[in-house]
Amino acid sequence: QAKTHGENLHFYDASMDANSTRRLTILADLGVAIRSNQLQLHYQPRIDLATGACNGCEALLRWVHPEQGMIPPGDFIPLAEMTEMIHPLSLWVLREALRQVRCWLDEGKEIAVAVNLSARNLIDVRCPALIQSLLHEFGVPNHLLEIEITESALITDPERALQVVQSFHDLGLHLAIDDFGTGYSSMSYLKRLPIQTLKVDRSFVKEMLTDEADAVIVRSTIGLAHSFGLNVVAEGVEDEATLQALCNLQCEQAQGYHISRPIPAAEFDAWYLQRRGN
Ligand code: C2E
Ligand code: CA
Ligand code: CA
Ligand code: CA
């Protein structure tokens, strides 16, 4: 008995070691990545469904690792989120996104950027002042920065998160709840948070034309948002028929591969120019 127990324990320890070693490697490499230009932002355009115009985008983080190539955000952001590493990471994203918005402004384009923040950022009471100083540094009007937060980011410490979100609102930042409908107590957040936008999760949008349950969820979310005076961004729009259906449902904005994948700034500029020409 004792032997089996010991073996199991040993096996368990070894796998934990392998896992934590890999995690530590990723985290250490990430520290280097932030300092040595291995990170990039891709921008996914968001269009206004009524006019077809693009006046905003979402910044999505990419890591081009010197040996491993492109590492998707899902493979390193959750790790960074478990540690303090998320702070320098989010700071890098904010700085890079605002630098880009500044470039666009200098070219006569007013394009808002949405940045994803994590739970740890939302319970950091220094976060609003930090963001304000970055906006000031780049001379970007506050309303051109949008903050996307998920419901799960709010549950760690709802009181503190609410305080930080309220400060964002007081700064005039635009606030959106991301992945709406996949979280825990969506309704209570609607009541308490000073937000402007709901982003319907792409898991519902994806099959809204073929799955009646998804259609009901998308329709109800849009209705609910409008009752609260909020606007709706549908994410994950992959075809024209879905785009049309969302338009008919009075959804305000859309994002998805059908419009454009997330792309580097240079490609975004080309896409934007072509779209404006149309
Ligand atoms: P998210 O915030 O929900 O971002 C949307 C994800 O959906 C992106 O994946 C985007 O590439 C993908 N997407 C957009 N349109 C479509 C579509 O039409 N079809 C499909 N199948 N997918 C679509 P990505 O870039 O891999 O990012 C994954 C997640 O990583 C994001 O989900 C977000 O939670 C997180 N993330 C990305 N960048 C950052 C960041 O700078 N900070 C933080 N905290 N999280 C980030
Ligand atoms: Ca997002
Ligand atoms: Ca989302
Ligand atoms: Ca998501």
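Predicted model, so just to flag it, every value in this text is computed and none were measured. Counting begins at 1 with the first residue of the sequence. All ligand and atom numbering here is 1-based and tracks the order in the structure.
- Residue-level proximity to ligand 1 for Asp201 is absent, since no heavy atom of it falls below 4.0 angstrom.
- The distance from the Ca ion (ligand 3) to the nearest N/O/S atom of Glu235 is under 3.0 Å.
- When the N, O or S atoms of Asp178 are ranked by distance to the Ca ion (ligand 3), OD1 comes first.
- A distance-only check finds no donor-acceptor pair linking the side chain of Gln40 to the backbone of Val64 [under 3.5 Å].
- Relative to the six-membered ring of Tyr272, Arg275 misses at least one condition, a distance below 6.0 Å or an angle of at most 45° to the axis.
- For the ligand labelled ligand 1, residue Arg62 lies inside the 4.0 Å heavy-atom shell.
- Taking every non-hydrogen atom of Ser118 and a distance limit under 4.0 Å, the qualifying atoms of ligand 1 come out as 44 (N).
- The atoms of ligand 1 that sit less than 4.0 Å from any heavy atom of Asp179 are 3 (O).
- No part of Leu89 comes within 4.0 Å of ligand 1, judged by heavy-atom distances.
- Residue Leu61 places at least one N or O, backbone or side chain, under 3.5 Å from an N or O of ligand 1.
- For ligand 1, the atoms sitting less than 4.0 Å from at least one non-hydrogen atom of Gly256 are 15 (N), 18 (O), numbered in the order shown with element in parentheses.
- Between Leu60, Asn121, Asp75, Val115, it is Leu60 that holds the heavy atom closest to atom 10 (C) of ligand 1.
- At least one heavy atom of Arg202 sits less than 4.0 Å from an atom of ligand 1.
- In this structure a side-chain-to-backbone donor-acceptor pair under 3.5 Å is missing from Asp211 to Met208.
- Look at Glu58 and you'll find a heavy atom under 4.0 Å from some atom of ligand 1.
- None of Glu146, Glu148, Glu252 except one satisfies the salt bridge (Lys or Arg N to Asp or Glu O under 4.0 Å) rule with Arg46; the exception is Glu146.
- Distances from ligand 1 to the non-hydrogen atoms of Gly236 include at least one value under 4.0 Å.
- The line from OG of Ser203 to CD1 of Ile217 is 8.0 Å long, rounded to the nearest 0.5 Å.
- Remark: the backbone N or O of Met82 is paired with a side-chain donor or acceptor of Arg120 at under 3.5 angstrom.
- The backbone N or O of Ala153 sits less than 3.5 Å from a side-chain atom of Thr150, completing a donor-acceptor pair.
- The shortest N/O to N/O separation between His258 and ligand 1 does not fall below 3.5 Å.
- Considering only non-hydrogen atoms, atom 41 (O) of ligand 1 lies nearest to Val93 out of Leu39, Ile149, Val93.
- Residue Pro72 places no heavy atom under 4.0 Å from ligand 1.
- Between the side chains of Gln44 and Gln255, at least one donor N or O lies within less than 3.5 Å of an accepting N or O.
- Its N, O or S atom nearest to the Ca ion (ligand 3) is what matters here, and for Asp179 that atom is OD1.
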Could you walk me through whether Asp106 and Arg102 pass the salt bridge (charged side-chain N to carboxylate O under 4.0 Å, His left out) test, one step at a time? CA-CA 6 Å; Asp106 292 341; Arg102 179 71 254 166; 2.8 Å; yes
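- At distances below 3.5 Å, at least one donor-acceptor pair connects side-chain atoms of Asp239 with backbone N or O atoms of Thr242.
- Nearest to atom 15 (N) of ligand 1 by heavy atom, out of Lys199, Glu238, Gln44, Glu148, is Gln44.
- Rounding to 10 degrees gives 90° for the angle at the Ca ion (ligand 2) between OE1 of Glu148 and OE2 of Glu58.
- By the rule that hydrophobic residues join a cluster once side-chain heavy atoms approach within less than 4.5 Å of another member, Ile147 and Leu98 end up as members of one cluster.
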Derivation and outcome, side-chain hydrogen bond (donor to acceptor under 3.5 Å, both in side chains), residues Asn248 and Gln244: CA-CA 6 Å; Asn248 294 339; Gln244 277 312 320; 5.1 Å; no
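- Distances from the Ca ion (ligand 2) show that Asn116 has an N/O/S atom below 3.0 Å.
- Remark: ligand 1 atoms within the under-4.0 Å shell around heavy atoms of Pro262 are 11 (O).
- Taking the six-membered ring where the residue is Trp, Tyr43 and Phe268 present perpendicular rings, their angle passing 60° and hence far from 30°.
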